[in-house]
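What follows is a single structure, written as C-alpha coordinates, with notes after it.
What you are looking at is a predicted structure, and each value in this text was computed from that prediction instead of being measured. Just so we're on the same page: letters track the sequence lines, and every chain starts at 1.
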There are 2 protein chains.
Amino acid sequence: MIRVILAEDQQMLRGALTSLLSFESDIQVIAEVADGQKAWEVIQREVPDVCILDIEMPYLTGLELAEKIKVAHLPCKVMIVTTFARPGYLQKAMDCDVNGYLLKDEPIDYLIEAIRKVNNGEKVVSRDLAATLFMKELNPLNEREIAVLELVKEGLTTNEISKKLFLTKGTIRNYLSTSIQKLHVESRQQAVNTASDKGWI
Amino acid sequence: MIRVILAEDQQMLRGALTSLLSFESDIQVIAEVADGQKAWEVIQREVPDVCILDIEMPYLTGLELAEKIKVAHLPCKVMIVTTFARPGYLQKAMDCDVNGYLLKDEPIDYLIEAIRKVNNGEKVVSRDLAATLFMKELNPLNEREIAVLELVKEGLTTNEISKKLFLTKGTIRNYLSTSIQKLHVESRQQAVNTASDKGWI
DNA sequence: ATTAACATATGACACCTGTCACAAAGTACT
DNA sequence: AGTACTTTGTGACAGGTGTCATATGTTAAT
(Lines give C-alpha, C1' and ligand atoms only; values in the text may rest on other atoms or scores of the structure.)
Protein backbone atom coordinates (compact mmCIF):
# COMPACT_ATOMS: atom_id res chain seq x y z
CA MET A 1 0.00 0.00 0.00
CA ILE A 2 1.43 3.36 -1.06
CA ARG A 3 0.66 6.01 1.52
CA VAL A 4 0.35 9.45 -0.07
CA ILE A 5 -0.36 12.99 1.09
CA LEU A 6 -1.99 15.43 -1.29
CA ALA A 7 -1.21 19.12 -0.85
CA GLU A 8 -3.10 21.34 -3.25
CA ASP A 9 -4.88 24.58 -2.49
CA GLN A 10 -7.64 24.30 -5.05
CA GLN A 11 -10.34 22.36 -3.30
CA MET A 12 -12.08 21.15 -6.43
CA LEU A 13 -8.97 19.53 -7.86
CA ARG A 14 -7.80 18.25 -4.49
CA GLY A 15 -11.13 16.60 -3.76
CA ALA A 16 -11.33 15.11 -7.22
CA LEU A 17 -7.85 13.66 -7.06
CA THR A 18 -8.43 12.24 -3.62
CA SER A 19 -11.57 10.48 -4.79
CA LEU A 20 -9.94 9.06 -7.86
CA LEU A 21 -6.73 7.98 -6.14
CA SER A 22 -8.81 6.17 -3.54
CA PHE A 23 -10.12 3.86 -6.24
CA GLU A 24 -6.63 2.50 -6.78
CA SER A 25 -6.26 -0.49 -4.54
CA ASP A 26 -2.55 0.05 -3.94
CA ILE A 27 -2.79 3.74 -3.09
CA GLN A 28 -4.05 5.24 0.14
CA VAL A 29 -4.52 8.98 0.56
CA ILE A 30 -3.63 9.40 4.21
CA ALA A 31 -4.14 13.15 4.19
CA GLU A 32 -5.26 15.96 1.94
CA VAL A 33 -4.35 19.51 2.88
CA ALA A 34 -4.85 22.96 1.39
CA ASP A 35 -1.67 24.74 2.41
CA GLY A 36 2.05 24.21 2.87
CA GLN A 37 2.03 24.70 6.62
CA LYS A 38 -0.45 21.89 7.26
CA ALA A 39 1.35 19.73 4.74
CA TRP A 40 4.60 20.07 6.68
CA GLU A 41 2.95 19.11 9.94
CA VAL A 42 1.40 16.00 8.45
CA ILE A 43 4.53 14.98 6.58
CA GLN A 44 6.63 15.15 9.75
CA ARG A 45 4.11 13.17 11.76
CA GLU A 46 3.11 10.55 9.20
CA VAL A 47 6.14 10.31 6.91
CA PRO A 48 4.10 9.28 3.85
CA ASP A 49 5.64 7.22 1.08
CA VAL A 50 4.88 9.83 -1.54
CA CYS A 51 4.15 13.55 -1.12
CA ILE A 52 2.21 15.13 -3.96
CA LEU A 53 2.78 18.85 -3.76
CA ASP A 54 1.40 21.81 -5.65
CA ILE A 55 3.87 24.69 -5.98
CA GLU A 56 1.75 27.76 -5.40
CA MET A 57 0.16 27.29 -1.98
CA PRO A 58 -0.31 29.57 1.04
CA TYR A 59 2.39 29.73 3.76
CA LEU A 60 4.85 27.31 2.18
CA THR A 61 5.29 26.53 -1.49
CA GLY A 62 5.72 22.99 -2.73
CA LEU A 63 9.33 23.80 -3.54
CA GLU A 64 10.00 25.04 -0.03
CA LEU A 65 8.43 21.86 1.31
CA ALA A 66 10.66 19.76 -0.94
CA GLU A 67 13.66 21.62 0.47
CA LYS A 68 12.54 20.99 4.05
CA ILE A 69 11.94 17.32 3.37
CA LYS A 70 15.40 17.06 1.90
CA VAL A 71 17.26 18.73 4.77
CA ALA A 72 15.26 16.74 7.34
CA HIS A 73 16.33 13.54 5.56
CA LEU A 74 12.80 12.20 5.63
CA PRO A 75 12.47 9.01 3.58
CA CYS A 76 9.54 10.38 1.56
CA LYS A 77 9.43 10.56 -2.20
CA VAL A 78 8.41 13.98 -3.44
CA MET A 79 6.32 14.77 -6.52
CA ILE A 80 5.64 18.31 -7.65
CA VAL A 81 2.39 18.75 -9.54
CA THR A 82 1.91 22.21 -10.98
CA THR A 83 0.35 24.32 -13.70
CA PHE A 84 3.62 25.97 -14.54
CA ALA A 85 6.31 24.80 -16.92
CA ARG A 86 8.70 27.48 -15.72
CA PRO A 87 12.34 26.45 -16.12
CA GLY A 88 13.23 28.12 -12.83
CA TYR A 89 10.70 26.00 -10.97
CA LEU A 90 11.92 22.80 -12.54
CA GLN A 91 15.49 23.78 -11.80
CA LYS A 92 14.72 24.45 -8.15
CA ALA A 93 12.84 21.17 -7.95
CA MET A 94 15.82 19.27 -9.33
CA ASP A 95 18.10 21.02 -6.86
CA CYS A 96 15.87 19.65 -4.11
CA ASP A 97 16.17 16.16 -5.58
CA VAL A 98 12.45 15.74 -6.08
CA ASN A 99 11.42 12.41 -7.56
CA GLY A 100 8.77 13.69 -9.94
CA TYR A 101 7.66 16.88 -11.64
CA LEU A 102 4.27 16.69 -13.38
CA LEU A 103 2.14 19.30 -15.07
CA LYS A 104 -1.54 19.52 -14.29
CA ASP A 105 -1.98 19.16 -18.00
CA GLU A 106 -1.27 15.45 -17.76
CA PRO A 107 -4.11 12.94 -17.48
CA ILE A 108 -4.88 11.42 -14.11
CA ASP A 109 -3.71 8.01 -15.23
CA TYR A 110 -0.31 9.48 -15.83
CA LEU A 111 -0.30 10.81 -12.28
CA ILE A 112 -1.29 7.42 -10.89
CA GLU A 113 1.42 5.66 -12.89
CA ALA A 114 3.90 8.30 -11.76
CA ILE A 115 3.04 7.68 -8.12
CA ARG A 116 3.85 3.99 -8.53
CA LYS A 117 7.07 4.67 -10.38
CA VAL A 118 8.24 7.26 -7.90
CA ASN A 119 7.41 4.92 -5.05
CA ASN A 120 9.66 2.39 -6.79
CA GLY A 121 12.53 4.79 -6.83
CA GLU A 122 12.18 5.94 -10.42
CA LYS A 123 12.21 9.61 -11.46
CA VAL A 124 9.33 11.00 -13.49
CA VAL A 125 9.20 14.25 -15.42
CA SER A 126 6.44 15.39 -17.77
CA ARG A 127 7.33 14.84 -21.43
CA ASP A 128 7.38 18.49 -22.43
CA LEU A 129 9.68 19.29 -19.57
CA ALA A 130 12.44 16.82 -20.26
CA ALA A 131 13.72 19.15 -22.97
CA THR A 132 13.63 22.14 -20.65
CA LEU A 133 15.98 20.37 -18.32
CA PHE A 134 18.75 20.23 -20.85
CA MET A 135 18.42 23.83 -21.89
CA LYS A 136 18.55 24.85 -18.31
CA GLU A 137 19.16 28.55 -18.27
CA LEU A 138 20.26 29.47 -14.84
CA ASN A 139 18.87 32.50 -13.13
CA PRO A 140 21.37 35.22 -14.01
CA LEU A 141 20.09 37.58 -11.34
CA ASN A 142 21.75 37.96 -7.97
CA GLU A 143 19.89 38.32 -4.68
CA ARG A 144 19.73 42.07 -4.72
CA GLU A 145 18.52 42.22 -8.28
CA ILE A 146 15.83 39.70 -7.47
CA ALA A 147 14.71 41.68 -4.43
CA VAL A 148 14.51 44.85 -6.48
CA LEU A 149 12.62 43.22 -9.34
CA GLU A 150 10.13 41.71 -6.94
CA LEU A 151 9.36 45.16 -5.59
CA VAL A 152 9.09 46.58 -9.09
CA LYS A 153 6.56 43.84 -9.75
CA GLU A 154 4.45 45.16 -6.88
CA GLY A 155 4.47 48.50 -8.62
CA LEU A 156 6.91 50.35 -6.34
CA THR A 157 8.97 53.22 -7.76
CA THR A 158 12.74 53.47 -7.58
CA ASN A 159 12.45 55.81 -4.63
CA GLU A 160 10.10 53.60 -2.64
CA ILE A 161 12.34 50.62 -3.27
CA SER A 162 15.42 52.48 -2.10
CA LYS A 163 13.70 53.33 1.18
CA LYS A 164 12.50 49.77 1.65
CA LEU A 165 15.94 48.25 1.07
CA PHE A 166 17.94 51.02 2.77
CA LEU A 167 19.93 51.73 -0.37
CA THR A 168 20.25 54.92 -2.36
CA LYS A 169 18.13 55.28 -5.44
CA GLY A 170 21.27 55.37 -7.55
CA THR A 171 22.08 51.85 -6.43
CA ILE A 172 18.56 50.67 -7.18
CA ARG A 173 18.88 52.12 -10.65
CA ASN A 174 22.15 50.32 -11.13
CA TYR A 175 20.62 47.00 -10.09
CA LEU A 176 17.73 47.56 -12.40
CA SER A 177 20.10 48.50 -15.18
CA THR A 178 22.14 45.32 -14.79
CA SER A 179 18.96 43.23 -14.53
CA ILE A 180 17.68 44.71 -17.76
CA GLN A 181 20.94 43.89 -19.49
CA LYS A 182 21.16 40.38 -18.09
CA LEU A 183 17.63 39.62 -19.24
CA HIS A 184 18.19 41.21 -22.66
CA VAL A 185 15.16 43.42 -22.38
CA GLU A 186 14.59 47.15 -22.50
CA SER A 187 12.62 48.28 -19.48
CA ARG A 188 11.88 47.36 -15.88
CA GLN A 189 8.42 46.26 -16.95
CA GLN A 190 9.80 43.81 -19.49
CA ALA A 191 12.39 42.65 -17.00
CA VAL A 192 9.64 41.80 -14.53
CA ASN A 193 7.68 39.94 -17.20
CA THR A 194 10.64 37.90 -18.34
CA ALA A 195 11.84 37.06 -14.86
CA SER A 196 8.34 36.01 -13.75
CA ASP A 197 7.92 33.86 -16.83
CA LYS A 198 11.08 31.94 -16.17
CA GLY A 199 10.25 31.55 -12.51
CA TRP A 200 13.26 33.58 -11.43
CA ILE A 201 11.47 35.94 -9.08
CA MET B 1 -30.77 13.00 -17.47
CA ILE B 2 -28.83 16.26 -17.44
CA ARG B 3 -26.58 16.50 -20.47
CA VAL B 4 -23.49 18.57 -19.73
CA ILE B 5 -20.39 19.69 -21.62
CA LEU B 6 -17.18 20.35 -19.72
CA ALA B 7 -14.77 22.92 -21.15
CA GLU B 8 -11.58 23.24 -19.14
CA ASP B 9 -8.04 23.42 -20.43
CA GLN B 10 -6.32 21.70 -17.54
CA GLN B 11 -6.47 18.04 -18.43
CA MET B 12 -6.01 16.72 -14.92
CA LEU B 13 -8.97 18.65 -13.53
CA ARG B 14 -11.09 18.05 -16.61
CA GLY B 15 -10.52 14.32 -16.52
CA ALA B 16 -11.15 14.15 -12.79
CA LEU B 17 -14.39 16.09 -13.02
CA THR B 18 -15.60 14.01 -15.93
CA SER B 19 -14.98 10.80 -13.99
CA LEU B 20 -16.71 12.05 -10.89
CA LEU B 21 -19.69 13.57 -12.66
CA SER B 22 -20.21 10.28 -14.46
CA PHE B 23 -20.92 8.61 -11.14
CA GLU B 24 -24.02 10.75 -10.72
CA SER B 25 -26.91 8.84 -12.20
CA ASP B 26 -28.75 11.93 -13.36
CA ILE B 27 -25.77 13.60 -15.04
CA GLN B 28 -24.24 12.65 -18.35
CA VAL B 29 -21.04 14.27 -19.62
CA ILE B 30 -21.69 14.32 -23.36
CA ALA B 31 -18.41 16.05 -24.18
CA GLU B 32 -15.22 17.26 -22.56
CA VAL B 33 -13.07 19.75 -24.43
CA ALA B 34 -9.84 21.63 -23.78
CA ASP B 35 -10.44 24.90 -25.59
CA GLY B 36 -13.13 27.43 -26.35
CA GLN B 37 -13.19 26.78 -30.06
CA LYS B 38 -14.03 23.09 -29.71
CA ALA B 39 -16.51 23.92 -26.97
CA TRP B 40 -18.41 26.23 -29.31
CA GLU B 41 -18.59 23.57 -32.02
CA VAL B 42 -19.96 20.98 -29.64
CA ILE B 43 -22.39 23.35 -27.98
CA GLN B 44 -23.90 24.35 -31.31
CA ARG B 45 -24.20 20.76 -32.45
CA GLU B 46 -25.36 19.12 -29.25
CA VAL B 47 -27.10 21.92 -27.36
CA PRO B 48 -26.32 20.48 -23.92
CA ASP B 49 -28.54 21.24 -20.94
CA VAL B 50 -25.68 22.72 -18.96
CA CYS B 51 -22.36 24.12 -20.19
CA ILE B 52 -19.59 24.14 -17.60
CA LEU B 53 -17.00 26.63 -18.78
CA ASP B 54 -13.60 27.65 -17.49
CA ILE B 55 -12.75 31.29 -18.19
CA GLU B 56 -9.11 31.18 -19.21
CA MET B 57 -8.95 28.83 -22.18
CA PRO B 58 -7.25 29.00 -25.58
CA TYR B 59 -9.05 30.56 -28.58
CA LEU B 60 -12.25 31.55 -26.77
CA THR B 61 -12.68 32.35 -23.11
CA GLY B 62 -15.60 31.02 -21.12
CA LEU B 63 -17.01 34.53 -20.95
CA GLU B 64 -16.84 34.91 -24.72
CA LEU B 65 -18.61 31.57 -25.05
CA ALA B 66 -21.31 32.71 -22.66
CA GLU B 67 -21.80 35.78 -24.82
CA LYS B 68 -22.08 33.69 -27.98
CA ILE B 69 -24.56 31.32 -26.37
CA LYS B 70 -26.65 34.28 -25.30
CA VAL B 71 -26.78 36.00 -28.69
CA ALA B 72 -27.47 32.69 -30.44
CA HIS B 73 -30.44 32.17 -28.10
CA LEU B 74 -29.40 28.60 -27.42
CA PRO B 75 -31.49 27.05 -24.65
CA CYS B 76 -28.41 25.97 -22.65
CA LYS B 77 -27.74 26.90 -19.07
CA VAL B 78 -24.26 28.29 -18.58
CA MET B 79 -22.02 27.83 -15.55
CA ILE B 80 -18.67 29.54 -15.24
CA VAL B 81 -16.12 27.66 -13.12
CA THR B 82 -12.92 29.57 -12.52
CA THR B 83 -9.99 30.15 -10.22
CA PHE B 84 -10.53 33.88 -10.19
CA ALA B 85 -12.75 35.94 -7.93
CA ARG B 86 -12.19 39.06 -10.04
CA PRO B 87 -15.12 41.47 -9.84
CA GLY B 88 -14.73 42.31 -13.53
CA TYR B 89 -15.14 38.66 -14.49
CA LEU B 90 -18.22 38.22 -12.36
CA GLN B 91 -19.66 41.42 -13.76
CA LYS B 92 -19.13 40.30 -17.33
CA ALA B 93 -20.64 36.92 -16.50
CA MET B 94 -23.73 38.57 -15.07
CA ASP B 95 -24.02 40.76 -18.16
CA CYS B 96 -24.12 37.55 -20.20
CA ASP B 97 -26.90 36.20 -18.00
CA VAL B 98 -24.94 33.13 -16.95
CA ASN B 99 -26.80 30.83 -14.58
CA GLY B 100 -23.92 30.01 -12.29
CA TYR B 101 -20.50 31.30 -11.29
CA LEU B 102 -18.42 28.93 -9.16
CA LEU B 103 -14.88 29.10 -7.89
CA LYS B 104 -12.61 26.10 -8.26
CA ASP B 105 -12.19 26.45 -4.54
CA GLU B 106 -15.57 24.89 -3.95
CA PRO B 107 -15.89 21.17 -3.28
CA ILE B 108 -17.08 18.90 -6.04
CA ASP B 109 -20.36 18.20 -4.30
CA TYR B 110 -21.14 21.87 -4.50
CA LEU B 111 -20.51 21.73 -8.24
CA ILE B 112 -22.78 18.75 -8.62
CA GLU B 113 -25.53 20.40 -6.60
CA ALA B 114 -25.07 23.55 -8.64
CA ILE B 115 -25.49 21.66 -11.89
CA ARG B 116 -28.84 20.32 -10.70
CA LYS B 117 -30.00 23.71 -9.47
CA VAL B 118 -28.95 25.50 -12.62
CA ASN B 119 -30.67 22.84 -14.71
CA ASN B 120 -33.80 23.62 -12.71
CA GLY B 121 -33.61 27.27 -13.59
CA GLU B 122 -32.03 28.48 -10.37
CA LYS B 123 -29.02 30.80 -10.26
CA VAL B 124 -25.94 29.80 -8.28
CA VAL B 125 -23.03 31.98 -7.19
CA SER B 126 -20.19 31.01 -4.87
CA ARG B 127 -20.71 32.28 -1.35
CA ASP B 128 -17.71 34.59 -1.23
CA LEU B 129 -18.78 36.18 -4.46
CA ALA B 130 -22.30 37.19 -3.54
CA ALA B 131 -20.85 40.14 -1.66
CA THR B 132 -18.68 41.18 -4.59
CA LEU B 133 -21.78 41.54 -6.71
CA PHE B 134 -23.19 44.28 -4.55
CA MET B 135 -19.99 46.24 -4.39
CA LYS B 136 -19.72 46.07 -8.11
CA GLU B 137 -17.17 48.66 -9.14
CA LEU B 138 -17.54 49.23 -12.81
CA ASN B 139 -14.52 49.38 -15.03
CA PRO B 140 -13.71 53.10 -15.22
CA LEU B 141 -11.43 52.69 -18.23
CA ASN B 142 -12.53 53.37 -21.76
CA GLU B 143 -11.61 51.23 -24.74
CA ARG B 144 -8.49 53.15 -25.65
CA GLU B 145 -7.19 53.16 -22.11
CA ILE B 146 -7.75 49.42 -21.90
CA ALA B 147 -5.92 48.82 -25.17
CA VAL B 148 -2.98 50.91 -24.00
CA LEU B 149 -2.80 49.24 -20.59
CA GLU B 150 -2.88 45.81 -22.19
CA LEU B 151 0.15 46.72 -24.24
CA VAL B 152 1.91 48.18 -21.22
CA LYS B 153 1.28 44.83 -19.54
CA GLU B 154 3.19 43.12 -22.36
CA GLY B 155 6.08 45.40 -21.56
CA LEU B 156 5.83 47.76 -24.54
CA THR B 157 7.11 51.31 -24.18
CA THR B 158 5.11 54.44 -24.94
CA ASN B 159 6.77 54.69 -28.33
CA GLU B 160 6.09 51.12 -29.34
CA ILE B 161 2.48 51.46 -28.26
CA SER B 162 2.03 54.63 -30.27
CA LYS B 163 3.25 52.89 -33.40
CA LYS B 164 1.03 49.88 -32.79
CA LEU B 165 -2.11 51.94 -32.27
CA PHE B 166 -1.27 54.61 -34.88
CA LEU B 167 -1.44 57.41 -32.36
CA THR B 168 1.20 59.91 -31.32
CA LYS B 169 3.15 59.21 -28.19
CA GLY B 170 1.67 62.31 -26.61
CA THR B 171 -1.77 60.77 -26.88
CA ILE B 172 -0.58 57.52 -25.38
CA ARG B 173 0.86 59.43 -22.46
CA ASN B 174 -2.43 61.21 -22.00
CA TYR B 175 -4.35 57.93 -21.93
CA LEU B 176 -1.89 56.49 -19.48
CA SER B 177 -2.18 59.60 -17.37
CA THR B 178 -5.97 59.41 -17.19
CA SER B 179 -5.81 55.67 -16.48
CA ILE B 180 -3.44 56.26 -13.61
CA GLN B 181 -5.76 58.88 -12.17
CA LYS B 182 -8.90 56.80 -12.63
CA LEU B 183 -7.28 53.85 -10.86
CA HIS B 184 -5.90 56.04 -8.07
CA VAL B 185 -2.38 54.75 -8.52
CA GLU B 186 0.92 56.35 -9.28
CA SER B 187 2.60 54.61 -12.20
CA ARG B 188 1.82 52.59 -15.29
CA GLN B 189 3.11 49.50 -13.54
CA GLN B 190 0.67 49.92 -10.66
CA ALA B 191 -2.11 50.73 -13.09
CA VAL B 192 -1.50 47.43 -14.86
CA ASN B 193 -1.47 45.55 -11.58
CA THR B 194 -4.71 47.09 -10.34
CA ALA B 195 -6.53 46.69 -13.63
CA SER B 196 -5.45 43.04 -13.95
CA ASP B 197 -6.51 42.32 -10.41
CA LYS B 198 -10.00 43.62 -10.97
CA GLY B 199 -10.30 41.81 -14.27
CA TRP B 200 -10.61 45.07 -16.21
CA ILE B 201 -7.98 44.33 -18.84
C1' DA C 1 50.58 41.70 0.75
C1' DT C 2 48.55 41.71 -3.62
C1' DT C 3 45.07 40.81 -6.51
C1' DA C 4 40.59 40.00 -7.65
C1' DA C 5 35.80 40.17 -6.99
C1' DC C 6 31.85 42.21 -4.94
C1' DA C 7 28.41 45.50 -2.96
C1' DT C 8 27.36 50.00 -2.73
C1' DA C 9 27.52 54.83 -4.02
C1' DT C 10 27.99 59.15 -6.97
C1' DG C 11 27.31 62.36 -10.71
C1' DA C 12 26.40 63.36 -15.37
C1' DC C 13 23.90 62.64 -19.53
C1' DA C 14 20.13 61.66 -22.78
C1' DC C 15 15.86 60.23 -22.85
C1' DC C 16 11.26 58.80 -20.95
C1' DT C 17 7.09 59.76 -17.98
C1' DG C 18 3.22 61.92 -15.89
C1' DT C 19 0.70 66.16 -15.72
C1' DC C 20 -1.48 70.00 -17.40
C1' DA C 21 -3.47 73.58 -20.21
C1' DC C 22 -4.99 74.08 -24.47
C1' DA C 23 -6.47 73.35 -29.36
C1' DA C 24 -8.31 71.22 -33.62
C1' DA C 25 -11.52 68.13 -35.68
C1' DG C 26 -15.45 65.13 -35.60
C1' DT C 27 -19.99 63.63 -33.94
C1' DA C 28 -24.55 64.25 -32.07
C1' DC C 29 -28.44 66.75 -30.61
C1' DT C 30 -31.30 70.97 -30.65
C1' DA D 1 -25.98 77.32 -36.77
C1' DG D 2 -25.03 76.48 -31.98
C1' DT D 3 -23.83 73.72 -28.18
C1' DA D 4 -21.84 70.07 -25.94
C1' DC D 5 -19.06 66.07 -25.99
C1' DT D 6 -15.37 62.95 -27.63
C1' DT D 7 -11.04 61.80 -29.67
C1' DT D 8 -6.69 63.03 -30.70
C1' DG D 9 -2.72 66.06 -30.74
C1' DT D 10 0.82 69.68 -28.96
C1' DG D 11 4.20 71.87 -26.10
C1' DA D 12 6.17 72.69 -21.76
C1' DC D 13 7.72 71.37 -17.24
C1' DA D 14 9.32 68.67 -13.25
C1' DG D 15 10.82 64.68 -12.16
C1' DG D 16 11.93 59.65 -13.12
C1' DT D 17 14.73 56.19 -15.75
C1' DG D 18 18.62 53.70 -17.90
C1' DT D 19 23.51 53.96 -18.85
C1' DC D 20 28.08 54.73 -17.91
C1' DA D 21 32.55 55.78 -15.84
C1' DT D 22 34.33 55.82 -11.69
C1' DA D 23 35.19 55.44 -6.54
C1' DT D 24 35.32 53.27 -1.91
C1' DG D 25 35.24 49.83 1.39
C1' DT D 26 34.85 44.67 2.18
C1' DT D 27 35.73 40.00 1.63
C1' DA D 28 38.07 35.96 -0.44
C1' DA D 29 41.92 33.72 -2.78
C1' DT D 30 46.92 33.34 -3.94
Can you list everything that forms a ring-ring contact (aromatic ring centres under 6.0 Å, His included) with B/F23? Sequence neighbours excluded, please. A/F23

Through what angle, rounded to 10 degrees, does the axis of the helix from C/dA1-D/dT30 to C/dT30-D/dA1 turn between its ends, using five pairs per end? 30°

With sequence neighbours left out, the residues meeting side chain to side chain donor-acceptor pair (under 3.5 Å) with A/T157 are A/E160

Just by protein heavy atoms under 4.0 Å, how would nucleotides 4-17 of chain C read 5' to 3' in B, S and -? ---SSBB-B----B

Mind checking side chain to side chain donor-acceptor pair (under 3.5 Å) for B/T194 and listing every partner two or more places apart, or none if nothing turns up? none

Pair A/E154 + A/K164, salt bridge at N-O below 4.0 Å: no

Which is true for A/E186 with a 4.0 Å heavy-atom rule: it touches a base, it touches only sugar-phosphate, or it touches nothing? nothing

Which residues pass the side chain to side chain donor-acceptor pair (under 3.5 Å) test with A/K92, not counting sequence neighbours? none

Which nucleotide span of DNA chain D, 5' end to 3' end, has atoms closer than 4.0 Å to non-hydrogen atoms of chain B? D/dT7 to D/dA12

Using side chain to side chain donor-acceptor pair (under 3.5 Å) as the criterion, list what pairs up with B/K68, not counting sequence neighbours. none

Taking salt bridge (charged side-chain N to carboxylate O under 4.0 Å, His left out) as the definition, give me every residue that meets it alongside A/E46, ordered by chain and number, with sequence neighbours left out. A/R3

Taken in chain and number order and not counting sequence neighbours, the residues that satisfy salt bridge (charged side-chain N to carboxylate O under 4.0 Å, His left out) with B/E24 are B/R116

Separation of C/dG18 atom C1' from B/L183 atom CG, nearest Å, is 14 Å

Go through the structure and list residues passing salt bridge (charged side-chain N to carboxylate O under 4.0 Å, His left out) with A/E106, not counting sequence neighbours. A/R127

List the residues meeting salt bridge (charged side-chain N to carboxylate O under 4.0 Å, His left out) with A/K123, not counting sequence neighbours, and say none if there are none. none

